[in-house]
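Written below as structure tokens is the structure these notes are about.
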Amino acid sequence: MRRAAEDGLTVKAVGTGHSFTSIAATDGVLIRPQLLTGIRGIDRAAMTVTVEAGTPLKRLNLALAREGLSLTNMGDIMEQTVSGATSTGTHGTGRESASIAAQIRGLELVTADGSVLTCSEKENPDVFAAARIGLGALGVVTAITFAVEPVFLLTAREEPMPLDRVLADFDELWAENEHFEFYWFPHTGSTNTKRNNRSAGPRRPVGRLAGWFEDEFLSNGVFQAAQWVGRAVPATVPAIAGVSSRALSARSYTDIPYKVFTSPRRVRFVEMEYAVPREAVTGVLRELRAMIERSPLRIGFPVEVRTAPADDIALSTASGRDSAYIAVHTAKGAPYRGYFTAAERIFTAHEGRPHWGKIHTRDAEYFAGVYPRFGEFTALRDRLDPDRRFQNDYLRRVLGQ
Ligand SMILES: Cc1cc2nc3c(=O)[nH]c(=O)nc-3n(C[C@H](O)[C@H](O)[C@H](O)COP(=O)(O)OP(=O)(O)OC[C@H]3O[C@@H](n4cnc5c(N)ncnc54)[C@H](O)[C@@H]3O)c2cc1C
């Protein structure tokens, strides 16, 4: 940090580059995470684990499982680093349990002047309130302390369900399950739902062959082929979507958390995801469906819907508000602007907050309106990084100069 300051260069610490926005881009000094990995320590009395910031989530999950421990909730994949995932507010779905950043109990960061700052609820609480989802704007995170719990079992129930029924029963589906999510296939009235709930066991993992067939062959291999056909002949997309939505049949399995929450995602895609107030989600989805039906768009990728409870992190997409996430995707290389622009118009009409690592067009003025604590974050940034050592084009847009 000091050398960069002497040379007048900006600094950007990055994770694995899984963000779809240019949030991790820099033309200054790039700090790569590969040599900042590993478990620093486990505190069984406090039930916390402290990890180096560049540790990939998959390594953390495996290490915790070996110790009989687990995070409480996580997103769809575990390729990202702990610092990269938390810095953009990466989340899964949960009724009570929130994003990965909300599971942080302490942070260590190197600030713009090269000093090491630690924070928690008790120590530098103003920094803690913002830096758990810091967008890389407040310092280089070097270690993160997460709350953990004894490893537990989750039973997943995956089941196709008509969209109209999911929309009509959304409040019950959410209230009756610890983790509810669903995928809706545009141009069809079909969804695949997933309900994960804690279970007393026994462990009943997906069988090896069934796992390969359903998670690799159908969800990745056949799905990829469907994307190619849909791209070559867009008129076939609705028919393919109909087949895709019926390809996966109901199944149930019981396993440790990361094996239930995460799965391989081999089909490359681009994504926009917005958090809207939870009570608005069914209305937003109806508007999204009407928009797609009215338009010439042919969308071959499902829309993913998840939830999170309100949390206390300044720039969390769920900051102070029970939220539902709606994510739209297109296959990598396929045109996405028309679809995302129309979807974004609907999301922003409901005071939506975009995922910091996924495509959006919002700027600081918009964020000042949808985040009541936006000024708290930018004031802290002014204090910790007055010279904008961590500046890049993305931060200039979303946080202002
Ligand atoms: C296939 C796929 C699936 C995904 N699934 C989900 C999902 O289920 N839920 C969800 O919410 N998101 C999901 N995402 C988005 C992804 O989790 C985020 O974009 C995440 O930030 C990527 O982590 P990364 O390690 O690649 O970080 P990067 O993209 O490399 O960096 C992200 C940000 O973190 C900052 N950063 C990284 N390390 C540090 C550090 N040490 N100190 C300070 N700042 C740092 C960077 O500066 C940058 O601002 C998915 C993305 C992909 C490609």
Side-chain angles (χ1 to χ4, degrees), residues 15-16 18-20 33 37 39 42 47-105 107 132-133 141 144-158 177-183 194-199 203 205-206 215 219 253-265 271 273 275 304-309 311 313 316-318 323-325 327 355-358:
T16 55
H18 272 67
S19 295
F20 300 91
T37 64
I39 310 288
I42 293 174
M47 284 307 270
T48 57
V49 59
T50 300
V51 278
E52 307 290 350
T55 309
L57 281 166
K58 58 185 170 194
R59 203 168 145 195
L60 172 63
N61 284 336
L62 282 170
L64 287 177
R66 263 201 309 272
E67 298 289 333
L69 300 169
S70 176
L71 293 175
T72 300
N73 198 358
M74 61 198 80
D76 290 341
I77 61 162
M78 50 178 186
E79 300 301 314
Q80 315 92 314
T81 58
V82 292
S83 53
T86 54
S87 293
T88 63
T90 295
H91 61 89
T93 190
R95 186 182 58 203
E96 286 93 17
S97 57
S99 69
I100 308 177
Q103 297 167 62
I104 295 179
R105 294 293 170 266
L107 267 185
R132 281 172 285 167
I133 298 181
V141 178
I144 303 182
T145 300
F146 289 103
V148 290
E149 55 178 313
V151 72
F152 54 95
L153 290 173
L154 283 171
T155 294
R157 195 165 136 214
E158 297 175 7
N177 294 286
E178 288 166 78
H179 308 271
F180 174 68
E181 67 183 308
F182 68 94
Y183 292 89
K194 186 172 181 187
R195 286 169 261 193
N196 301 329
N197 288 289
R198 287 185 193 227
S199 137
R203 196 167 159 236
V206 176
D215 299 324
S219 297
Y253 49 94
T254 302
D255 214 330
I256 60 172
Y258 80 82
K259 296 195 177 184
V260 171
F261 287 129
T262 69
S263 56
R265 299 282 156 113
E271 179 175 352
E273 181 179 56
E304 186 178 17
V305 181
R306 295 180 278 185
T307 68
D311 66 41
I313 308 172
S316 163
T317 44
S323 300
Y325 294 92
H355 190 302
W356 297 106
K358 301 182 185 177

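Everything numeric in this text was worked out from a predicted model, so none of it was measured.
Using cut-offs of 30° and 60° on the angle between ring planes, the pair H91 and H355 is tilted.
Between I39 and A63, the shortest heavy-atom distance links the atoms CD1-CB, 3.9 Å. Shown here for A98 and Q103, the closest heavy-atom pair between the two residues is O-NE2, 3.7 Å. Heavy atoms only, all atoms of each residue included: S99 and G89 are closest at CB-O, 4.2 Å.
By the ring pair (Phe, Tyr, Trp, His ring centres under 6.0 Å) test, Y183 is found to be paired with no residue, residues two or more places apart in sequence or in another chain being considered. A search for side-chain hydrogen bond (donor to acceptor under 3.5 Å, both in side chains) contacts involving T72 returns E149, not counting sequence neighbours.
The shortest distance between side-chain heavy atoms of M47 and L69 falls below 4.5 Å. Two residues are said to be in side-chain contact when any heavy atoms from C-beta on lie closer than 4.5 Å; L71 and L60 meet this criterion. Contact annotation: the side chain of T93 never approaches that of Y325 to less than 4.5 Å [non-hydrogen atoms, C-beta and beyond]. A 4.5 Å side-chain heavy-atom check between F152 and P257 finds at least one atom pair inside the cut-off.
One distance of note links CD1 of I100 with OG1 of T86; it measures 7.5 Å at 0.5 Å rounding.
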* To do: Please test Y253 against E158 for side chain to side chain donor-acceptor pair (under 3.5 Å), starting from the C-alpha separation and ending with a verdict.
  => CA-CA 9 Å; Y253 49 94; E158 297 175 7; 2.6 Å; yes
* V260/H179 under side chain to side chain contact (heavy atoms under 4.5 Å, CB included): CA gap, chis, key distance, verdict -> CA-CA 11 Å; V260 171; H179 308 271; over 6 Å; no
* To do: Could you walk me through whether V305 and F180 pass side chain to side chain contact (heavy atoms under 4.5 Å, CB included), step by step?
  => CA-CA 9 Å; V305 181; F180 174 68; over 6 Å; no
* Going through the checks in order, is the side chain to side chain contact (heavy atoms under 4.5 Å, CB included) test met by S19 and T88? -> CA-CA 8 Å; S19 295; T88 63; 4.0 Å; yes
* What do the steps show when you test F146 against I104 for side chain to side chain contact (heavy atoms under 4.5 Å, CB included), and what is the final call? -> CA-CA 4 Å; F146 289 103; I104 295 179; 3.7 Å; yes
Taking distance alone, no hydrogens or angles, what donor-acceptor pairs closer than 3.5 Å link side-chain atoms of residues 49-58 to residues at least two apart or in another chain?
| unit_1 | atom_1 | unit_2 | atom_2 | d |
| --- | --- | --- | --- | --- |
| T50 | OG1 | T145 | OG1 | 2.8 |
| E52 | OE1 | R40 | NE | 3.3 |
| E52 | OE1 | R40 | NH2 | 3.3 |
| E52 | OE2 | R40 | NE | 3.0 |
| T55 | OG1 | G38 | N | 3.0 |
| T55 | OG1 | G38 | O | 3.4 |
| T55 | OG1 | E52 | O | 2.6 |
| K58 | NZ | E79 | OE1 | 2.8 |

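A side-chain donor-acceptor contact under 3.5 Å links T307 to the backbone of G94.
Of the candidates T317, I313, T90, I313 is the only one forming a side-chain contact (heavy atoms from CB on, under 4.5 Å) with I133.
Under a 4.0 Å N-O distance rule, the pair R306/D76 qualifies as a salt bridge.
With a 6.0 Å radius and a threshold of 12 heavy atoms from other residues, nucleotides or ligands, R95 has its CZ atom above the threshold.
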